[in-house]
Structures are given as C-alpha cells and as structure tokens.
Amino acid sequence: MKISEATPERVAAYMNLAEDEYDSETLAAIMEAAKHYIVNVTGLPESSEDGESIDSYPDLTIAFLVLCQDMFDNRSMYVDQP
C-alpha cells in the first residue's frame with residue numbers, strides 16, 4: 001500500500017480499532033497531519049508526475065502508519081497548570 005492509497009478504514013485496521021472505536025473525520029485529520037509531517041521531514045513532494053514522491057518509498061508507508069497510531073494514541077494531551 002502507498003500512502004496515497006491509505007483510507008481511514010485501512011489505518012484503523014492497522015491500529016486494530018473496531019468500527020465504533022474511532023471517528024472517520026478525526027482519523028482522516030490525523031492521516032493528513034502524518035502525511036504532511038513526512039513531506040516536511042523528507043523534503044519529498046506528496047505527489048509527482050515525473051519524479052520521486054512519498055509514494056516512491058514503500059518503507060514510508062510503515063512510518064506513516066506508526067505516526068497515525070502515535071497521533072491517535074496521544075490525541076488528548078494536556079498541559080498541567082501549577
């Protein structure tokens with residue numbers, strides 16, 4: 001699977017989430033953030049008609065899924081005020 005082929009359902013399956021354990025819109029936002037993170041860190045474009053893009057590297061798909069899992073697990077971070 002390429003990053004561009006990822007769907008909320010596929011990402012949820014990777015994370016072993018049941019259908020009632022996630023909201024598709026929230027997961028889609030997490031996926032978009034993970035994709036942009038990879039683009040910013042690697043300097044590769046999201047898509048390209050004539051060259052390399054994030055879809056050119058299959059190992060980035062696993063990184064994308066791991067990022068989605070981490071962002072989902074840590075979505076309720078808070079700051080403790082003294």
Side-chain angles (χ1 to χ4, degrees):
M1 174 178 74
K2 298 177 181 181
I3 294 174
S4 64
E5 297 171 345
T7 63
E9 294 76 23
R10 281 186 162 179
V11 173
Y14 169 81
M15 297 190 302
N16 293 318
L17 296 175
E19 200 171 302
D20 63 339
E21 293 180 309
Y22 71 95
D23 171 51
S24 290
E25 290 181 22
T26 301
L27 201 49
I30 287 170
M31 292 168 57
E32 194 65 25
K35 189 184 327 178
H36 285 286
Y37 181 84
I38 290 171
V39 167
N40 288 331
V41 167
T42 64
L44 294 167
E46 186 174 329
S47 62
S48 176
E49 293 181 19
D50 59 347
E52 292 183 318
S53 71
I54 59 174
D55 279 344
S56 303
Y57 297 90
D59 53 332
L60 287 180
T61 302
I62 296 299
F64 168 78
L65 293 169
V66 169
L67 283 168
C68 288
Q69 175 80 57
D70 185 64
M71 289 178 187
F72 183 83
D73 289 345
N74 296 299
R75 66 191 181 280
S76 58
M77 304 272 297
Y78 66 93
V79 176
D80 196 14
Q81 296 291 326

What's the shortest heavy-atom distance between [X] and [Y], and which atoms?
X   : Y   : answer
A34 : C68 : CB-SG, 3.8 Å
S48 : G51 : OG-N, 3.1 Å
E52 : P45 : O-CG, 3.3 Å
A63 : I38 : C-CD1, 4.3 Å

Is the backbone N or O of V66 less than 3.5 Å from a side-chain atom of D70, with the two atoms forming a donor-acceptor pair by type?
no

Report yes or no: does T61 contribute a side-chain atom to a donor-acceptor pair with the main-chain N or O of M1 at less than 3.5 Å?
yes

Could you state the interatomic distance from [atom1] ([X]) to [atom2] ([Y]), rounded to the nearest 0.5 Å?
X   : Y   : atom1 : atom2 : answer
M15 : I30 : CE    : CD1   : 6.5 Å
D55 : F64 : CG    : CZ    : 10.0 Å
L17 : F72 : CG    : CZ    : 4.5 Å
I54 : S4  : CD1   : OG    : 7.5 Å

Once side chain to side chain donor-acceptor pair (under 3.5 Å) is applied, what residue pairs with a partner in residues 12-23 remain, sequence neighbours excluded?
D23-T26

Sorted by chain and residue number, the salt bridge (Lys or Arg N to Asp or Glu O under 4.0 Å) partners of E49 (sequence neighbours excluded) come out as none

According to salt bridge (charged side-chain N to carboxylate O under 4.0 Å, His left out), does anything in residues 33-47 pair up with another residue at least two apart or in another chain? List the pairs.
E32-K35, K35-E46

Can you check whether L60 reaches L44 side chain to side chain, under 4.5 Å on heavy atoms?
yes

